[in-house]
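First comes the structure, then the notes that go with it.
Counting starts at 1 for both ligands and their atoms, following the listed order.
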Amino acid sequence: MIVTVDVGNTRIKAAVFEGNTHLESFVFDKTVLEKNIKNILKKFEAIVSIVVSSVADVEKESFLIFEKEVEVHFVSHEDAFPFINNYGTPKTLGIDRMVLASGATLLYPDQNRLIIDAGTCVTYDFVDENNVYQGGAIAPGLRLRYEALHNFTAKLPLLHLQSPESYVGKSTSGSIHSGVVNGLVYEIDGFIDEYKAGCSKIIIILTGGDAEFLAKRLKNTIFANSNFLLESLNQTFQYKIKND
Ligand SMILES: Nc1ncnc2c1ncn2[C@@H]1O[C@H](COP(=O)(O)OP(=O)(O)O)[C@@H](O)[C@H]1O
Ligand SMILES: CC(C)(COP(=O)(O)O)[C@@H](O)C(=O)NCCC(=O)O
Ligand SMILES: [K+]
């Protein structure tokens, strides 16, 4: 039994797996990391490894205290991955994006895959049918867009995520909600159309904190799975064990 931990720039997500079976997930803040991991280990005494992917300022030292009880594995660029990396700067490719690409390669063999992770940032990652990671895109996420409009202007209020009534905003708040939400929805649909036009068989996976909210607003029907990074961490760790 293992626990996978995804340290993003907004929050920490964790999930317990027995083989390929997902037993339970957790979401918490960086400030309460230790307490939450302790509770998970207490609840699931059969856990033997903690597998972490971190793109934020949480380093291996934060998990030192657990090393007496269990193995702690921080996924790094030096691990074995099931794809060939064709990114121009492979060492600076986000480890979360590597794990997403890895999960998609292992779970959806012999096809083109596009993984869209709508978290703090919206990332797009493309792994082709020959298992070559080709790259993608990084854009601001939903909450980041609301905050950027407020932080970099004198007059715009900080609003919280809300469904726009129409694409024609009739007020300041209506305009902001339309710009942020519809803007991102059109952006994602635009990227999907572009990828679909460029290759025949493609699976598209939408994940991240805003996946559910966005999926039902897209023109394209795609598969939303908020736990895809945690599941990919489990797959990537199993792959590493087999290939080490
Ligand atoms: N309780 C919450 N706290 C913060 N963000 C949330 C929460 N619930 C949903 N979200 C949405 O999740 C997004 C962040 O997604 P997440 O996958 O947690 O990011 P990251 O992996 O970068 O930490 C934000 O854009 C926000 O709209
Ligand atoms: C783009 C990211 C900030 C996304 O982080 P997240 O939204 O998951 O918190 C992260 O993948 C990262 O730091 N990437 C490094 C640059 C790159 O991937 O090329
Ligand atoms: K992301």
Side-chain angles (χ1 to χ4, degrees), residues 4-15 25-33 36 51-59 62 74-77 79 81 83 85-104 113-127 133-151 158-164 176-185 187-188 191 204-218 222 224-233 236:
T4 62
V5 182
D6 156 29
V7 184
N9 284 290
T10 300
R11 319 179 276 177
I12 299 183
K13 281 75 65 186
S25 347
F26 306 84
V27 185
F28 46 89
D29 198 75
K30 272 168 246 168
T31 53
V32 287
L33 169 75
N36 279 273
V51 181
V52 189
S53 134
S54 174
V55 290
D57 52 0
V58 171
E59 314 290 343
S62 313
F74 249 66
V75 179
S76 82
H77 293 85
D79 284 3
F81 286 93
F83 56 83
N85 198 337
N86 205 20
Y87 205 49
T89 58
K91 289 203 176 86
T92 70
L93 175 59
I95 209 72
D96 56 343
R97 301 177 67 191
M98 302 263 295
V99 171
L100 291 168
S102 166
R113 312 92 171 167
L114 172 66
I115 311 100
I116 306 170
D117 184 340
T120 311
C121 300
V122 181
T123 51
Y124 300 81
D125 292 294
F126 180 62
V127 190
Y133 175 81
Q134 297 290 7
I138 302 172
L142 269 184
R143 198 169 62 106
L144 199 53
R145 289 175 196 225
Y146 279 110
E147 290 193 0
L149 289 177
H150 172 64
N151 290 341
L158 176 62
L159 300 184
H160 296 290
L161 179 60
Q162 199 178 299
S163 231
I176 292 175
H177 290 306
S178 177
V180 170
V181 176
N182 291 327
L184 182 54
V185 167
E187 183 177 304
I188 294 175
F191 270 116
I204 298 158
I205 301 143
L206 178 62
T207 190
D210 292 312
E212 301 274 327
F213 179 87
L214 292 165
K216 46 181 182 270
R217 290 171 173 81
L218 295 174
I222 59 168
N225 175 3
S226 306
N227 290 313
F228 192 70
L229 182 43
L230 293 165
E231 287 167 11
S232 296
L233 267 170
T236 306

Non-hydrogen atoms of G208 versus ligand 1: any pair closer than 4.0 Å?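 Yes, G208 has a heavy atom closer than 4.0 Å to ligand 1.
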Give me the nearest non-hydrogen protein atom to atom 3 (N) of ligand 1 as residue plus atom name, then the distance to 0.1 Å.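 I find the closest protein heavy atom is R11 CD, 3.7 Å.
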Return the residue, atom name and 0.1 Å-rounded distance of the protein heavy atom closest to atom 25 (O) of ligand 1.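 Nearest protein contact, heavy atoms only, for atom 25 (O) of ligand 1 is D210 OD2, 2.6 Å.
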Mind checking whether [X] has an N or O less than 3.5 Å away from an N or O of ligand 2?
| X | result |
| --- | --- |
| T10 | no |
| C121 | yes |
| L93 | no |
| Y87 | yes |

Would you check whether G209 has a nitrogen or oxygen atom less than 3.5 angstrom from a nitrogen or oxygen atom of ligand 1?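 Looking only at distances, the answer is yes, because the N/O contact criterion of under 3.5 Å is met.
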Close N or O approach (D6, ligand 1; < 3.5 Å):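 Between D6 and ligand 1, no N or O pair is found under 3.5 Å apart.
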With atom 5 (O) of ligand 2 as the reference point, say which of V7, T207, N9 has the nearest heavy atom. N9
Tell me the nearest of T120, I138, D96 to atom 10 (C) of ligand 2, using heavy-atom distances.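 Among T120, I138, D96, the closest heavy atom to atom 10 (C) of ligand 2 comes from D96.
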Verify the distance criterion only: is there a donor paired with an acceptor across the side chains of S102 and S232 at less than 3.5 Å? no
Does either side chain, that of T120 or that of R11, offer a donor lying less than 3.5 Å from an acceptor on the other one?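 Not at all, the side chains of T120 and R11 share no donor-acceptor pair under 3.5 Å.
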Give a yes or no answer on whether the side chain of N36 reaches the backbone of V32 with a donor-acceptor pair at less than 3.5 Å.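 The answer is yes, because a donor-acceptor pair under 3.5 Å joins these two groups.
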Looking at the K ion (ligand 3), is one of the N, O or S atoms of D96 less than 3.4 Å from it?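 Checking D96: none of its N, O or S atoms is under 3.4 Å.
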Do Y133 and M98 have side-chain heavy atoms sitting under 4.5 Å apart? no
